[in-house]
Amino acid sequence: MPAYTRRLKRALTEAGCYFVRQGRGDHEIWFSPISGRSFPVDNNIKSRHTANAVLAQAGLAKAF
């Protein structure tokens, strides 16, 4: 896994978010109890902007 994907998933898990199911392609669907919504997480995140956008969907502050 690229550096951003691993660190992003760790941050999501520590914040109480959890994996729901596999999505299309190499995406996973996660749920955030903070924002109350589901969101996709790519398994090959190469951009810090994408990683921060996922955190925003989860209701978390930027970390990358």
Side-chain angles (χ1 to χ4, degrees):
M1 248 188 285
Y4 287 115
T5 303
R6 182 170 299 213
R7 290 169 38 202
L8 174 65
K9 287 183 178 181
R10 185 178 311 122
L12 291 173
T13 303
E14 288 173 357
C17 300
Y18 57 89
F19 171 82
V20 176
R21 64 179 173 84
Q22 277 299 128
R24 288 188 168 192
D26 65 346
H27 288 74
E28 297 176 347
I29 306 300
W30 284 61
F31 179 80
S32 170
I34 298 166
S35 67
R37 56 188 245 192
S38 298
F39 53 93
V41 176
D42 191 345
N43 275 319
N44 191 16
I45 297 175
K46 297 178 181 174
S47 165
R48 67 182 176 89
H49 302 291
T50 304
N52 283 326
V54 172
L55 289 174
Q57 290 179 351
L60 302 172
K62 291 181 180 179
F64 304 106

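Being a predicted model, the structure only gives us computed values, none of them experimental.
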Report the C-alpha distance between Asn43 and Lys9 in whole Å, list the side-chain angles of each, state the deciding distance to 0.1 Å, and finish with yes or no for side-chain contact (heavy atoms from CB on, under 4.5 Å). CA-CA 10 Å; Asn43 275 319; Lys9 287 183 178 181; 2.5 Å; yes

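- Of all heavy-atom pairs between Gln57 and Pro40, the closest is OE1-CD, 3.9 Å.
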Applying side-chain contact (heavy atoms from CB on, under 4.5 Å), run through Arg21 and Glu28 and close with a yes or a no. CA-CA 6 Å; Arg21 64 179 173 84; Glu28 297 176 347; over 6 Å; no

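- Closest approach of Ala11 to Leu55, counting heavy atoms only: CB-CD2, 4.5 Å.
- Contact between Ser35 and Gly59 at its shortest, heavy atoms only, is CB-N, 4.2 Å.
- Ala58 and Cys17 make their closest contact through CB-SG, 4.1 Å (heavy atoms, listed as atom of the first residue, atom of the second, distance).
- A perpendicular orientation is assigned to the rings of Phe64 and Tyr4, their planes being inclined by more than 60° (bins at 30° and 60°).
- A single hydrophobic cluster is seen to contain both Phe19 and Leu12, as judged by linkage of ILVMFWY side chains at heavy-atom distances under 4.5 Å, directly or through other members.
- Between the side chain of Thr5 and the backbone N or O of Ile45 there is at least one donor-acceptor pair closer than 3.5 Å.
- Linking ILVMFWY side-chain heavy atoms closer than 4.5 Å, directly or via other members, places Ile34 and Leu8 in a single hydrophobic cluster.
- Between atom OH of residue Tyr18 and atom OG1 of residue Thr13 there is a gap of 12.5 Å, rounded to the nearest 0.5 Å.
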